[in-house]
Amino acid sequence: MAEKTITEVQDEIIEEFEIFDEWLDKYNYLIELSQSLPGIDDKYKSPEYLIEGCQSRVWLRAEMENSKVKYTADSDAIITKGIIALLIRLLSGRKPEEIINTDLYFIDRIGLKENLSPARSNGLVSMIKQMKLYALAYQTKSKNE
Amino acid sequence: MAEKTITEVQDEIIEEFEIFDEWLDKYNYLIELSQSLPGIDDKYKSPEYLIEGCQSRVWLRAEMENSKVKYTADSDAIITKGIIALLIRLLSGRKPEEIINTDLYFIDRIGLKENLSPARSNGLVSMIKQMKLYALAYQTKSKNE
Amino acid sequence: MAFDIEKIRNDFPILQRRVHNKPFVYFDNAATTQKPLRVIERMDKIYLETNSNIHRGIHYLSDVSTRQFEEARETVRKFINAGNDHEVIFTSGTTAGINMVAFSYGEKYVSEGDEIIISSLEHHSNIVPWQMLCERKGASLKVIPINDYGELLIDEYEKLFSSKTRIVALTHVANSTGTKNPVKKMIGTAHRNGVPVLVDGAQAVQHGKVDVQELDADFYVFSGHKMYGPTGTGVVYGKESILEEIPPWQTGGEMVDQVTFGKTTFNRLPFKFEAGTPNYTGVIGLAAAIQYIEETGLNDIASYEKELLDYGNKRLSEIDGLNLFWEAENKISIFSFILEGIHPYDAGMIIDKYGIAVRTGNHCAQPFMERFGIGGTIRASLVFYNTCEEIDRLCEAIEKVKEMFS
Amino acid sequence: MAFDIEKIRNDFPILQRRVHNKPFVYFDNAATTQKPLRVIERMDKIYLETNSNIHRGIHYLSDVSTRQFEEARETVRKFINAGNDHEVIFTSGTTAGINMVAFSYGEKYVSEGDEIIISSLEHHSNIVPWQMLCERKGASLKVIPINDYGELLIDEYEKLFSSKTRIVALTHVANSTGTKNPVKKMIGTAHRNGVPVLVDGAQAVQHGKVDVQELDADFYVFSGHKMYGPTGTGVVYGKESILEEIPPWQTGGEMVDQVTFGKTTFNRLPFKFEAGTPNYTGVIGLAAAIQYIEETGLNDIASYEKELLDYGNKRLSEIDGLNLFWEAENKISIFSFILEGIHPYDAGMIIDKYGIAVRTGNHCAQPFMERFGIGGTIRASLVFYNTCEEIDRLCEAIEKVKEMFS
Ligand SMILES: Cc1ncc(COP(=O)(O)O)c(C=O)c1O
Ligand SMILES: Cc1ncc(COP(=O)(O)O)c(C=O)c1O
């Protein structure tokens with residue numbers, strides 16, 4: 001199975017969203033996506049995994065499996081959760097290098113930019129930062145080993 | 001000699017200034033008036049008699065002579081001194097009651113308002129206040145005696 | 001109807017715009033208010049025609065500028081009925097004003113073991129400066145509790161006083177709930193205990209007549225931008241007798257009388273508390289806002305806003321699954337609510353798409369939200385340029401939200 | 001000539017007005033500057049179209065507003081070449097900025113017996129906050145002396161350091177004289193002694209390129225209104241490492257992370273130092289002013305202003321009985337002078353009548369004036385929208401003054 005690159009998946013997501021003319025449909029799709037997100041076990045909904053963000057709360061965990069970073073994440077807000085589902089689809093199960101260097105342009109292109117505005121403080125901006133930090137940490141670790 | 005009232009003298013001053021069309025002539029007249037002001041003896045140019053004001057310094061003294069307040073005053077700025085000369089002409093040698101209640105409308109009418117702006121901080125506003133305070137003090141004193 | 005809402009809405013150009021291709025509904029007035037054209041034009045006129053730094057300037061425009069600034073002070077004095085012009089201090093906002101008092105009053109009158117009373121309804125800006133003061137001085141905070149309607153427990157308040165109480169800091173109207181506190185009575189209680197009171201008027205002055213002398217407030221603080229005036233402006237009213245006693249907060253140009261490297265003496269009130277170049281353009285704009293409020297009429301504003309409150313309460317309580325919080329007896333037209341099972345953030349994002357600006361979150365009142373065990377609410381705060389039709393539009397949007405997240 | 005003075009003057013609408021029925025000559029730029037139309041229009045656009053409080057708002061306009069505000073921060077960062085956006089803190093002006101640093105840095109690092117170095121050329125705003133800090137903490141001030149040209153004595157400066165020195169507060173360009181201090185070198189000296197430096201840039205940023213990293217300044221403070229921006233705005237640049245260490249100054253809304261009645265934790269930089277609703281309209285206007293400056297070109301501005309300086313020096317020194325003070329080597333186009341036997345107030349009143357705005361007095365630098373045994377001077381401060389013809393007009397007015405008071 002030739003794995004798709006992050007870029008390929010981003011383009012795929014952009015295509016998926018292209019069929020929606022209306023913000024309403026986009027958001028309904030996000031709600032749908034949120035339901036498919038496995039989420040995170042309640043025991044991990046602790047301050048340790050909490051990402052700062054005043055409006056909605058976001059929890060994020062990362063593990064290393066076969067040199068790839070596996071993320072699990074969750075939020076108490078559904079729209080946030082829908083976007084998290086997209087981010088996990090994109091980044092989870094990738095090599096650290098890939099994650100660190102990726103440019104997430106899809107958010108802009110599918111018209112959800114407002115959800116990544118630092119002003120909205122939904123925790124997503126910090127979450128992406130944290131995802132990259134985890135990747136960086138694992139990369140450094142594996143180099144030192 | 002029937003003494004003129006403050007109002008009469010104010011009207012006199014207004015008339016005197018009416019012949020000047022130009023600010024230049026008014027200011028030249030003020031400079032002239034400043035030269036006629038006896039001023040104040042250097043020994044009284046002390047902090048005790050100094051009126052606050054950041055731009056030009058004003059010194060003011062008051063004495064009681066035959067139930068009338070006699071003012072002497074001076075300034076290091078000539079324009080200020082010219083206006084002081086007008087104020088002394090108006091108020092010096094008057095009964096305290098007269099001074100306390102007077103409304104100095106001539107300043108406005110002769111077009112020198114800018115010199116009495118608190119913004120200009122030339123000490124004149126504080127000086128007029130202080131002249132009235134002296135008058136009030138003498139009045140209270142004489143009532144108590 | 002005496003209150004010509006159409007004319008009023010025309011006075012605020014921004015209300016004519018569209019957002020997300022829908023007519024714009026602005027329900028975030030507790031955060032900041034929109035500006036009538038006359039305020040904008042007043043400030044333009046300054047920059048286009050008379051701009052000059054104030055005080056001590058000898059030239060014509062400096063004089064014009066200074067007069068306008070001092071006339072603005074007189075406008076504010078009248079508006080809150082202060083006894084003297086020099087009891088009106090200009091600052092950059094409520095937060096700056098409270099910080100000023102907490103510092104200046106605190107330096108003079110608060111020391112180790114002393115106590116400060118605040119209420120459970122305070123905005124962070126009327127909590128944290130007092131906490132910091134307590135930390136610096138080794139003093140402690142006492143907090144007036146509330147009931148479930150978001151009303152202060154007056155009996156409990158009275159019990160908080162001790163011989164160690166140094167000041168009470170109290171909001172006139174709470175920004176999270178809209179509750180109007182009985183400040184006059186509460187000031188009376190404090191004064192009987194020999195304690196002065198700072199009133200945070202940020203949400204009060206724009207909604208009804210405030211008379212600082214009638215209230216007998218020792219300090220009364222508010223922001224320009226929440227009362228239809230420009231950002232970067234605010235007012236501290238302080239009683240002359242206290243202002244004379246306490247040291248200045250910020251120091252620098254204009255607020256000094258004599259400076260030597262050894263010793264500095266301060267200028268008289270109000271300049272003692274106005275260090276540096278003030279935001280004179282903003283202050284003159286604020287005066288224009290006050291004139292606008294006065295012409296519109298604070299009584300008419302208050303009764304129209306009461307109509308909005310009643311209508312909104314009625315309409316919102318009809319919505320299934322909507323929990324309206326804190327329907328205090330006496331409040332301004334702020335609606336704080338949650339939708340059962342729906343995160344305020346999700347709701348807010350969708351409401352926004354209908355062109356309606358509401359706020360979600362804890363509204364800078366975390367301790368208050370915690371008391372009720374909620375992370376935040378959706379808050380719609382209305383003022384006299386809002387309408388019942390706009391409330392209807394909010395209700396429609398809420399129905400859509402419910403559909404989406406059902 | 002690359003520098004199109006006519007176009008530039010047209011950018012500033014106020015320069016077209018008349019005063020006392022004469023064309024207006026504005027030579028009071030060190031007090032405050034005039035605003036290009038684009039700054040005025042930028043702020044109008046906010047109030048007419050996008051006004052909304054920034055940060056944490058979920059709705060469209062709040063987002064727009066927040067982005068504009070944070071873009072303004074980036075504009076400032078680039079302008080002074082700060083390393084990070086969050087090292088740029090918005091305040092209400094230079095005075096507020098210096099007060100902030102004096103408090104926050106002082107709380108953390110200054111205690112009894114410590115010493116603070118300032119210079120003889122400082123504005124009151126960079127003297128008094130340090131005096132107050134010294135008073136609160138039991139520390140003392142050391143003052144760098146000057147020569148007769150109004151230049152700092154660098155050798156003496158080096159001798160002032162001791163193991164007790166905690167900070168140096170130094171103006172980049174002196175407002176009374178226009179002298180440019182060798183701040184880079186002086187910061188180097190301080191750093192070799194392990195002491196950080198606050199630079200007062202109120203009269204510097206608008207006259208030539210300032211690079212805070214190249215200077216290695218620990219704090220760099222300036223005002224918006226003196227650089228063609230709105231009143232009520234200002235900037236504190238601070239090195240991240242120090243800003244992280246020192247406590248906040250003002251506290252309240254937005255600058256906190258978690259608030260309980262027991263304990264408050266603060267938000268990250270820059271918000272930790274931005275309590276309350278900032279003057280976001282002003283800040284966005286300031287960014288427009290910076291863009292204007294950059295388009296005009298700081299190098300072109302500096303060289304044109306140097307022409308004005310040279311021409312003014314030449315013309316003024318030709319006038320009999322005029323004492324021009326402090327012709328330092330390295331200075332901006334500020335002319336400070338007295339007319340023999342004529343009080344500056346008298347001169348200023350008459351010069352004003354010719355439509356020319358100059359400042360008279362001690363220019364908030366009393367200790368400096370006392371050093372030279374003068375109560376004050378007449379100060380003409382010029383910027384890039386002024387012209388040599390205007391200098392000629394000043395000279396003519398001075399001749400009239402001399403005639404009148406001879
Ligand atoms: C060198 C210097 N520092 C500080 C200030 C104070 O600036 P502001 O009044 O904007 O706070 C000034 C203003 O005159 C100044 O020239
Ligand atoms: C009750 C109350 N106090 C203080 C503040 C802080 O006001 P500013 O941000 O204008 O300083 C607010 C603003 O939300 C408020 O509502």
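The sequence lines fix the lettering, A, B, ..., with proteins before strands; numbering per chain opens at 1.
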I'd like to verify something: which residue of C/Ala96, C/Ser92, C/Gly282 has the highest number of heavy-atom pairs under 4.5 Å with chain D? C/Ala96
Would you call the rings of C/Phe69 and C/Phe90 parallel, tilted or perpendicular if under 30° counts as parallel and over 60° as perpendicular? tilted
When heavy-atom pairs shorter than 4.5 Å are enumerated against chain C, which of D/Val143, D/Thr94, D/Val19 gives the highest number? D/Val143
Counting C-beta onward and ignoring hydrogens, is there a side-chain heavy-atom pair between C/Ser62 and C/Ile58 closer than 4.5 Å? no
Ring center gap for C/Phe271 and C/Phe273 short of 6.0 angstrom: no
Have D/Asp352 and D/His20 got a donor and an acceptor in their side chains that come within less than 3.5 Å? yes
Which portion of D/Thr33 sits near chain C, non-hydrogen atoms under 4.5 angstrom: backbone
Determine whether D/Tyr47 and C/Leu37 make a side-chain contact, defined as any pair of heavy atoms from C-beta on separated by less than 4.5 Å. no
Checking heavy atoms, do the side chain of C/Gln131, its backbone, both or neither come under 4.5 Å from chain D? side chain
Quick one: what part of D/Glu370 sits under 4.5 Å from any heavy atom of chain C, side chain, backbone, both or neither? side chain
Counting only heavy atoms closer than 4.5 Å, note whether D/Phe12 contacts chain C via side chain, backbone, both or neither. neither
C/Thr265 and C/Gln258: side chain donor to acceptor below 3.5 Å: no
Tell me every residue that passes side chain to side chain contact (heavy atoms under 4.5 Å, CB included) with C/Lys137, counting only those two or more places apart in sequence or in another chain. C/Glu107, C/Val110, C/Leu133
So, the part of D/Asn99 with a heavy atom under 4.5 Å from chain C: the answer is side chain
So CD1 of C/Ile144 and CD1 of C/Ile117: to nearest 0.5 Å the spacing works out to 6.5 Å
Comparing C/Leu141, C/Val358, C/Asn126 against chain D, the one with the most heavy-atom pairs below 4.5 Å turns out to be C/Val358
Please look at C/Leu48 and chain D and tell me whether the side chain, the backbone, both or neither of the residue comes under 4.5 angstrom of a heavy atom of that chain. both
For the residue pair D/Ser65 and D/Gln68, confirm or rule out a side-chain donor-acceptor distance under 3.5 Å. no
Do you know which of C/Met132, C/Met43, C/Gln34, C/Lys353 has the most heavy-atom pairs under 4.5 Å to chain D? C/Gln34
When the 4.5 angstrom heavy-atom criterion is applied to C/Phe103 and chain D, the contacting part is side chain
Please determine, among D/Thr95, D/Val128, D/Thr251, D/Ile351, the option with the most heavy-atom pairs under 4.5 Å with chain C. D/Thr251
Can you tell if the side chain of C/Tyr354 reaches within under 4.5 Å of the side chain of C/Lys22, non-hydrogen atoms only? yes
Between D/Asn29 and D/Ser381, a side-chain donor and acceptor under 3.5 Å: no
Heavy-atom proximity to chain D below 4.5 Å, by part of C/Asn279: both
In terms of heavy-atom proximity below 4.5 Å to chain D, should C/Ala102 be classed as side chain, backbone, both, or neither? neither
Whatever's closer than 4.5 Å to a heavy atom in chain D on C/Ile98 counts as neither
Among side-chain atoms of D/Tyr280 and D/Asn51, is any donor-acceptor pair under 3.5 angstrom? yes
If I measure from the heavy atoms of chain D, does C/Phe266 come under 4.5 Å with its side chain, its backbone, both, or neither? side chain
Angle class for the D/His343/D/Tyr345 ring planes (parallel below 30°, perpendicular above 60°, tilted otherwise)? perpendicular
Output, in order, the C-alpha distance, side-chain angles, deciding distance and verdict of side chain to side chain contact (heavy atoms under 4.5 Å, CB included) for D/Glu122 and D/Trp130. CA-CA 11 Å; D/Glu122 302 307 316; D/Trp130 304 110; over 6 Å; no
Looking at C/Arg136, C/Lys263, C/His123, C/Glu41, which makes the most heavy-atom pairs under 4.5 Å with chain D? C/Arg136
For chain C, which residues of residues 223-233 of chain D have at least one non-hydrogen atom nearer than 4.5 Å to it? D/His225, D/Pro230, D/Thr231, D/Gly232
Among C/Gln366, C/Glu135, C/Gln16, residue most engaged with chain D (heavy-atom pairs, under 4.5 Å): C/Gln366
